[in-house]
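Down below is the structure, laid out as structure tokens.
For ligands, and for the atoms within them, numbers begin at 1 and follow the listed sequence.
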Amino acid sequence: MLLSAPAGIDDILPEQVARWRFVEDKARELFARYGYSEIRLPLFEDLRVFVHNVGETSDIVEKGMFTFDSGEDHYCLRPEGTAAAVRAYLQHNYPKTRPFQKWHYIGPMFRHERAQKGRKWQFHQLGVEALGASDPLLDAEIIALAGHLFDELGLSGYRTVLNTLGCGDCRDRYRRTLQEQLGPQRGRLCADCQRRMDRNIFRVLDCKQEACQAVSAGTSTLQEALCGNCRSHFEATLQGLRILEIPYEINPRLVRGLDYYTGPVFEFVHPGLGAQSALGAGGRYDNLIAENGGPALGGAGFALGLERILIALEALGQTQALAASPALHAFLVSIGPGTREPLFQLAGKLRRGGLRVDLDHEGRSVKAQMRSANRSAAPFVLVLGCDELAQGQITLKRMDTGQESKIPLDSVLSVLRPGAADLPG
Ligand code: HAM
């Protein structure tokens, strides 16, 4: 019986990897330009890292985690990176030693959701977290960085949508207002939202059901409940975006599915994505460090979905840049008895000398070896026959002109080395 990977888990095949590397390499380069160093966080953590921080009433924790036990201990595959980054920040004592940290991560995350295009059990995020400061210009920098990456990738047509969720006091005020306004309409809400009303009323605003959206459209927004500090932080963030000339829209009803946010939150949406329209999202989480036993230090970040970036690029027809993978420098062809081992030896020398070369391993005819050479797109083919071997020579064929010349076997490396001045033909 042939086994398959589970429906929500994709293989990333060799012919697809160049597309992934294209995005990852650009992201790494830009993260470094903005001062975000790489952190490599574990793929699984103590379950409490996420239950407590992402929120017990969030979709992720309620039904979206891959959990497992080992003896008395409960673990889960990481559904996101922020809570794990904060755990590492505190565990390694950064608040005392070097409180301001700018980190980035690239890697798989795991959520047990209904799998569909752009929504997977295992997916990949490009994320940044700026820990230890509450400067509104950091919020602006983080939003600008994501936009800069989309622009460098040629991913046009995305929109940057912002809101602010305020601090605990703002949200308490707003919670009371929502309870007053939604209470009489409870019967018109879906069963999930009726439950949310008691457990986390803000999530009613995030419901995708039309009836619930119609009800929540009539409620007042959190903007009206903002305190002076939260209002000025949001204003300063927007001013930072204007300074950097970043276009944005404000959606006063934008809420997030994770509980740790305070202050500005944002989403990047793209029309090429269909139902799962968010390329990425993030925001400020100024209570998270303190809630995990650390000092009162702020933090903000984003995570972008790599699969969704690739879907959007494909929808835009941006696939050429994505297909480029490094071609071989040369393909090696053997003709006749006794030539294969010397050719194999030559391949070893060339590879140690820094060249990308390959040769046949399927016992194919000379004609078939030439077809492989063509398909490899290598600019040179080296052909070794018995006569040439006897003379210590090899035939070098330039694939663009078809021109052939015989060169000494022991000069191949110096002739083909990238940048060599004496290329024949
Ligand atoms: P999130 O909104 O849960 O935020 O996820 C961020 C992005 O990850 C989404 O916008 C989407 O592109 C991608 N994504 C999420 N779930 C899936 C899935 N099942 N399949 C494919 N892609 C998915 C966070 O994770 C926060 N940690 C972001 C953050 C960082 N906030 C502050 N710092």
Side-chain angles (χ1 to χ4, degrees), residues 6-10 12 23 27 31 36 39 41 45 49-50 53-55 58-61 63-66 77-89 101-131 138-139 141-143 145-146 149-150 155 158-163 165 203 206 254-270 272-289 298-313:
I9 301 185
D10 287 342
I12 304 160
V23 177
F31 292 160
Y36 288 80
I39 179 160
L41 296 161
E45 295 261 0
V49 169
F50 300 105
N53 292 315
V54 170
S58 66
D59 277 350
I60 297 181
V61 170
K63 48 193 184 220
M65 291 211 286
F66 289 96
L77 296 182
R78 61 183 192 184
E80 61 109 47
T82 311
V86 167
R87 193 266 312 137
Y89 177 74
Q101 292 293 315
K102 288 166 87 174
W103 290 347
H104 85 255
Y105 47 88
I106 299 180
M109 305 288 163
F110 305 87
R111 295 186 192 177
H112 201 172
E113 301 183 280
R114 199 165 49 79
Q116 61 187 87
K117 190 170 184 192
R119 191 158 74 181
K120 298 289 171 185
W121 286 3
Q122 172 174 314
F123 61 99
H124 297 75
Q125 284 188 341
L126 305 159
V128 302
E129 311 293 347
L131 298 157
L138 260 182
D139 305 55
E141 175 185 281
I142 285 167
I143 294 166
L145 169 53
L149 177 59
F150 297 144
L155 203 173
Y158 66 90
R159 289 170 27 235
T160 302
V161 186
L162 271 91
N163 190 19
L165 300 182
R203 303 232 30 251
D206 200 24
L254 176 72
V255 289
R256 304 271 301 117
L258 305 108
D259 279 2
Y260 47 64
Y261 291 110
T262 57
V265 291
F266 49 84
E267 264 180 20
F268 307 100
V269 293
H270 196 275
L273 289 176
Q276 304 304 319
S277 66
L279 283 170
R284 177 157 286 285
Y285 44 86
D286 277 351
N287 297 336
L288 197 54
I289 294 172
F302 69 58
L304 313 178
L306 233 158
E307 284 80 357
R308 295 197 191 169
I309 289 178
L310 291 170
I311 293 170
L313 284 173

So Lys120 and Glu307, salt bridge (charged side-chain N to carboxylate O under 4.0 Å, His left out) or not? Walk me through it. CA-CA 9 Å; Lys120 298 289 171 185; Glu307 284 80 357; over 6 Å; no
For [X], check side chain to side chain donor-acceptor pair (under 3.5 Å) against everything at least two apart and list the hits.
| X | result |
| --- | --- |
| Trp103 | Gln101 |
| Tyr89 | none |
| Thr82 | Glu80, Glu129, Tyr260 |

Please examine the side chains of Ile143 and Phe302, heavy atoms only from C-beta on, and report whether any two atoms are closer than 4.5 Å.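 No, every pair of side-chain atoms sits at 4.5 Å or beyond.
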Set of residues that line ligand 1, where lining means a heavy atom lies under 4.0 Å from it: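 Under the 4.0 Å cut-off, ligand 1 touches Glu80, Thr82, Arg111, Glu113, Gly118, Arg119, Lys120, Phe123, Gln125, Glu129, Arg256, Leu258, Tyr260, Tyr261, Ala278, Leu279, Gly280, Ala281, Gly282, Gly283, Tyr285, Gly301, Phe302, Ala303, Gly305, Arg308.
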Decide if the gap between the ring center of Phe150 and the ring center of Tyr158 is smaller than 6.0 angstrom.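 Under 6.0 Å, so yes.
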